[in-house]
Amino acid sequence: MTQQERQRIAAGLSYREIARRLDRPTSTVTREIARNGGPAGYRPQQAHQATIQRARRGTPAPSPAATPPAEAMEQEILEMAVRAGMPRTAARVHHDLMLSEDGRRTAAELTRRLNVSPASVSVAVNYLVEQGYARRERDPRRRRDIYVIDNDAWYRSVVISRQQTLETVRATMAAAETFGLDSPVGERLAKTAAFLERVSLDMIESADRWRPLLT
């Protein structure tokens with residue numbers, strides 16, 4: 001793998017998307033990241049130099065099976081978040097916030113800890129805030145933002161998800177009425193809207209019922 005390809009791996013995309021852009025198997029990308037620090041510690045320059053040194057020594061790279069259990073678990077959590085649709089850098093930021101003792105990090109801390117650009121952190125935290133997974137606080141003394149995950153974060157994310165689903169319901173129902181509720185298309189869209197509306201209602205009722213578990 002070339003140094004340019006390793007730079008593209010560090011762009012924060014999903015493994016599948018990286019593999020597609022590099023025209024390589026996803027397993028190749030997975031092994032490359034696993035043997036060179038994992039998702040949270042992958043550094044393209046260091047990975048390239050380590051590969052050169054291993055080639056000179058004629059020693060095989062450590063297998064993914066040799067990854068420490070804690071690191072392997074973190075990798076799996078990140079991959080699950082990415083598979084669920086969360087952008088990779090946002091997943092890394094979210095994971096780092098979750099593991100912080102007080103659930104708080106500044107943008108500068110996230111940039112340093114994850115070795116990503118301030119712009120990447122900005123995009124990631126904006127996504128997390130918009131989806132309810134984190135919130136933003138302002139430190140007036142130092143004039144900086146602090147990003148926080150508190151006990152109510154998951155409840156907020158459910159509420160925001162419900163609002164987004166209801167917007168889809170309204171748009172789908174409007175489309176059904178445009179096509180005509182008696183038409184095959186209109187009937188299908190109306191049934192879709194009714195289903196999503198009921199699921200949304202059940203979701204918020206369940207979240208309200210179990211919210212005390214977060215307090």
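If you're wondering where the values come from, they're calculated on a predicted model, not measured in any experiment.
For Pro212 against Asp208, the heavy-atom pair with the smallest separation is CD-O, 3.9 Å. Among all heavy-atom pairs drawn from Tyr147 and Leu97, the shortest one is O-CD2, 3.4 Å. Residues Gly186 and Ala176 share a closest heavy-atom pair of O-CB, 3.4 Å. Nearest heavy-atom pair, Val158 versus Ala207, reported as atom, atom and distance to 0.1 Å: CG1-CB, 3.7 Å. Here the closest non-hydrogen pair linking Ala91 and Val82 is CB-CG2, 4.3 Å.
Contact of the Val93 side chain with the Leu114 side chain is registered, since non-hydrogen atoms from C-beta on lie closer than 4.5 Å. The shortest distance between side-chain heavy atoms of Arg138 and Ile146 does not fall below 4.5 Å. Proximity of Leu189 to Met173: side-chain heavy atoms (C-beta onward) are nowhere separated by under 4.5 Å. Residues Arg135 and Ile149 fail the side-chain proximity criterion, which asks for heavy atoms closer than 4.5 Å. You'll find the side chain of Val116 reaches within 4.5 Å of the side chain of Arg92, heavy atoms only.
In this structure, Arg198 has no salt bridge (Lys or Arg N to Asp or Glu O under 4.0 Å) partners at least two apart in sequence or on a different chain. Listed by chain and residue number, Gln131, Ile160 satisfy the side chain to side chain contact (heavy atoms under 4.5 Å, CB included) test with Gln164 (two or more places apart in sequence, or in another chain). Remark: Tyr133 engages His94, Trp154 in a ring pair (Phe, Tyr, Trp, His ring centres under 6.0 Å) (not counting sequence neighbours). Under the salt bridge (Lys or Arg N to Asp or Glu O under 4.0 Å) criterion, Arg141 pairs with Asp139, not counting sequence neighbours. Looking at residues two or more places apart in sequence or on another chain, you find a side chain to side chain contact (heavy atoms under 4.5 Å, CB included) between Glu187 and Lys191. Asp152 meets the salt bridge (Lys or Arg N to Asp or Glu O under 4.0 Å) test with Arg211; sequence neighbours excluded. Partners of Arg188 by side chain to side chain contact (heavy atoms under 4.5 Å, CB included), not counting sequence neighbours, listed by chain and number: Val185. Residues satisfying the side-chain hydrogen bond (donor to acceptor under 3.5 Å, both in side chains) test with Gln45, not counting sequence neighbours, are Gln3. Shown here are the side-chain hydrogen bond (donor to acceptor under 3.5 Å, both in side chains) partners of Arg156, two or more places apart in sequence or in another chain: Asp150. Ala90 meets the side chain to side chain contact (heavy atoms under 4.5 Å, CB included) test with Met86, Pro87, Ala124, Tyr127, Leu128; sequence neighbours excluded.
The pair Glu76-Arg83 meets the salt-bridge criterion, with a side-chain N (NZ, NE, NH1 or NH2) lying under 4.0 Å from an Asp/Glu carboxylate O. Ion pairing between Arg104 and Glu137 holds under the 4.0 Å rule for side-chain N and carboxylate O.
The local environment of CG in Asp102 is crowded, with over 12 non-hydrogen atoms from other residues, nucleotides or ligands closer than 6.0 Å.
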Q.
Apply side-chain contact (heavy atoms from CB on, under 4.5 Å) to residues Leu166 and Gln163 and explain how you reach the verdict.
A. CA-CA 5 Å; Leu166 289 178; Gln163 293 170 346; 5.8 Å; no
Q: Any chance you could lay out the side-chain contact (heavy atoms from CB on, under 4.5 Å) test for Leu110 and Val125, step after step, and finish with the verdict?
A: CA-CA 10 Å; Leu110 291 167; Val125 295; 4.0 Å; yes
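Looking only at distances, a side-chain donor or acceptor of Ser183 sits under 3.5 Å from a matching main-chain atom of Gly180. With hydrogens and angles disregarded, a donor-acceptor distance shorter than 3.5 Å links the side chain of Thr165 to the backbone of Ser161. A donor-acceptor contact shorter than 3.5 Å links the side chain of Thr178 to the backbone of Ala174. At distances below 3.5 Å, not a single donor-acceptor pair connects side-chain atoms of Ser122 with backbone N or O atoms of Pro118.
There is a path of hydrophobic side-chain contacts, each under 4.5 Å, that joins Met98 to Val121. Leu201 and Val169 end up in different hydrophobic clusters when Ile, Leu, Val, Met, Phe, Trp and Tyr side chains are linked at under 4.5 Å.
Sorted by first and then second residue, the ring pair (Phe, Tyr, Trp, His ring centres under 6.0 Å) pairs involving residues 193-215 (not counting sequence neighbours) form an empty list. Pairs of residues two or more places apart, or lying in two chains, never qualify as salt bridge (Lys or Arg N to Asp or Glu O under 4.0 Å) while including a residue from residues 159-170.
Separating the OG1 atom in Thr172 from the CD atom in Glu197 is a distance of 11.0 Å, to the nearest 0.5 Å. Distance check, rounded to the nearest 0.5 Å: CZ of Arg113 to CG of Asp96 gives 4.0 Å.
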